[in-house]
Amino acid sequence: MSAVDHSILDHSLDRDTATVLNGPDRLKLGVFGANLSCGMGGITTHPGRPMAGNWDEMKAIALAADEAGFDALIPVARWSGLGGESRWEDRSLDTFVWGAAVAEATSQIYVFTTCHVPMIHPLIAAKMGATLDHIANGRWGLNIVAGWNRHEFEMFGMTMEGHDKRYEIASEWADVVKRLWTNEGPFDFDGDFYNLAHAISEPQPMQKPLPLIMNAAASPAGQKFAVNHADMLFINLAGISDVKGTVGQAKQRAAEAGRDLAIWGNIQIICRDTEAEAARFVDYLADEVGDVETANRYVAAHVVGSDANTFDAYRADPEVVRSLITTGGQMQIIGTPEQVADQLHTLSTEGVDGLAMAWIDYHEGIAQFAVEISPLLRERGLRSK
Ligand SMILES: Cc1cc2nc3c(=O)[nH]c(=O)nc-3n(C[C@H](O)[C@H](O)[C@H](O)COP(=O)(O)O)c2cc1C
């Protein structure tokens, strides 16, 4: 019998109890991009936008989301912004470090880290992720992004591979991370893209069998990756006319592979007492505080200069600059609290499991949501809190 008591090492919990995946609420809710200057709500210089200028500001948003009973915080991974007046994405808190601090500050919300496959070696991702899962007491998940931004690859002196090859690399990367999180003892890995000798990462995550994995993608290759590796697929709802069909197709692909895939989408909320006030606010964003120069740079980088399928809707939008200014590239949910609740209800009936939300002013938006919209979602049977 060993004289050493290892029971202290056995801190583990069943990942399937995570409310963000299997909680009782029909519609799960998260906050999107609360680690970035400007957030994801719109490309504007409106003074209420988050500035990621100090930690206190970002911490306050995370605490408000936790207090409001939301299920998840989903950050955006960026290495550089667009350099315009609004500072859109210019300042971004690293999603692992931000995740650790947010996990420690909050008590119930599930915290994701968005991780770029090409820039972060899987051994580092596995180590940092497991560390985060322990800090979060089993409330941490990995949002895997395969990379699409040529400018960011260049910052690392790297060449961006072709679209589908990036997902092949991501697939092997995910295999390594998962093996590190589950293997008993060291192992060798001899792959097409990664070679590891006597690899080990201890402690392994608290969540068993694995922390939740999310993937954001639109292309067939991306969605195949999600079916093979993820528990949640995050799709860009902006410009999608047939949400039910798009969601149904993704779920069908997963079902054919014998997998369950929760579908999350991105929205921006503009909620005012009257419909006219909400519409006036959109005009104000476009006409008075819109950052046209940055929106044009966004089009050049994301729409013209990238092969990401997720931006197809922007390519098809003749008013793309105005749309980006007033929505930040999210599906816009606009109107009175009743109208907002109705639109969220519709998305839920169309099969969307969770929504990652953005606002122009996150502080004001989360506070308003908790007081004016959450009760209406309870009435509609979508939420219990
Ligand atoms: C909702 C959503 C969120 C995303 N968030 C990020 C991100 O934070 N960082 C990033 O580099 N790419 C992000 N992406 C890009 C995707 O991960 C992916 O690399 C890109 O969409 C190209 O794949 P696709 O052609 O399958 O869409 C996001 C995509 C979507 C749909």
Side-chain angles (χ1 to χ4, degrees), residues 30-36 38-41 52 72-82 88-89 92-96 98-99 112-120 141-156 158 160-171 173-174 213-230 232-240 243 246-247 249-250 253 261-268 298 301-303 305-315 327-331 352-358:
V31 173
F32 187 32
N35 65 315
L36 296 175
C38 240
M40 290 299 279
L73 288 163
I74 306 172
V76 170
R78 275 284 165 279
W79 300 98
S80 73
L82 295 170
W88 172 259
E89 299 184 353
S92 61
L93 301 187
D94 170 73
T95 67
F96 281 96
W98 166 91
F112 282 91
T113 283
T114 302
C115 179
H116 278 126
V117 164
M119 286 86 182
I120 311 282
L142 180 62
N143 180 23
I144 300 176
V145 290
W148 60 271
N149 187 329
R150 193 173 299 281
H151 180 80
E152 292 187 336
F153 279 79
E154 285 165 3
M155 283 172 66
F156 285 81
M158 294 165 77
M160 190 168 86
E161 300 287 355
H163 182 279
D164 288 6
K165 186 162 176 199
R166 299 200 295 275
Y167 280 109
E168 284 171 36
I169 297 169
S171 187
W173 186 96
I213 295 180
M214 172 183 268
N215 172 242
S219 62
Q223 297 206 353
K224 184 172 160 214
F225 172 86
V227 165
N228 289 338
H229 292 285
M232 301 156 81
L233 172 65
F234 190 13
I235 57 172
N236 186 0
L237 290 175
I240 293 194
V243 172
T246 306
V247 170
Q249 209 176 41
R253 278 196 205 112
L261 200 53
I263 308 294
W264 279 60
N266 52 334
I267 58 170
Q268 176 236 36
Y298 185 108
H302 296 61
V303 182
S306 105
D307 59 7
N309 291 27
T310 201
F311 305 128
D312 286 350
Y314 311 156
R315 293 183 184 102
T327 69
Q330 325 307 318
M331 169 185 268
V352 174
D353 297 296
L355 290 168
M357 305 181 285

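The first residue in the sequence is number 1, and the count goes up from there. When a ligand or atom number is given, it counts from 1 through the structure's own listing order.
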Reported NE2-to-CZ distance for the pair H116 and R78, which is rounded to 0.5 angstrom: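 Nearest 0.5 Å value for the NE2-CZ distance: 6.0 Å.
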Counterpart residues, ring pair (Phe, Tyr, Trp, His ring centres under 6.0 Å), relative to Y314 (two or more places apart):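 Listed in chain order: F311.
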Residue list, ring pair (Phe, Tyr, Trp, His ring centres under 6.0 Å) with F112, at least two apart or on another chain: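 Residues passing ring pair (Phe, Tyr, Trp, His ring centres under 6.0 Å) with F112: Y110.
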Parallel, tilted or perpendicular: ring planes of H229 versus F225, cut at 30 and 60 degrees: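 The rings of H229 and F225 sit tilted, inter-plane angle from 30° to 60°.
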Heavy-atom side-chain contact between V247 and I235 under 4.5 Å: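 Side chain of V247 against side chain of I235, heavy atoms only: contact under 4.5 Å found.
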Residues that D312 engages under salt bridge (charged side-chain N to carboxylate O under 4.0 Å, His left out), provided they are two or more places apart: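 Result, salt bridge (charged side-chain N to carboxylate O under 4.0 Å, His left out) vs D312: R315.
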Check each N or O atom of ligand 1 against all protein N or O atoms and list the pairs under 3.5 Å, with atom names and distances to 0.1 Å, one per line.
from	atom 1	to	atom 2	distance (Å)
ligand 1	8 (O)	A77	N	2.9
ligand 1	9 (N)	A77	O	3.1
ligand 1	9 (N)	R78	NH1	3.4
ligand 1	11 (O)	R78	NH1	3.4
ligand 1	11 (O)	H116	NE2	2.6
ligand 1	11 (O)	W148	NE1	3.3
ligand 1	12 (N)	W148	NE1	3.1
ligand 1	17 (O)	A216	O	2.8
ligand 1	23 (O)	Y167	OH	2.8
ligand 1	25 (O)	H163	NE2	2.6
ligand 1	25 (O)	N309	N	2.7
ligand 1	26 (O)	Y167	OH	3.1
ligand 1	26 (O)	A218	N	3.2
ligand 1	26 (O)	S219	N	2.9
ligand 1	26 (O)	S219	OG	2.5
ligand 1	27 (O)	A218	N	3.0
ligand 1	27 (O)	T310	N	3.1

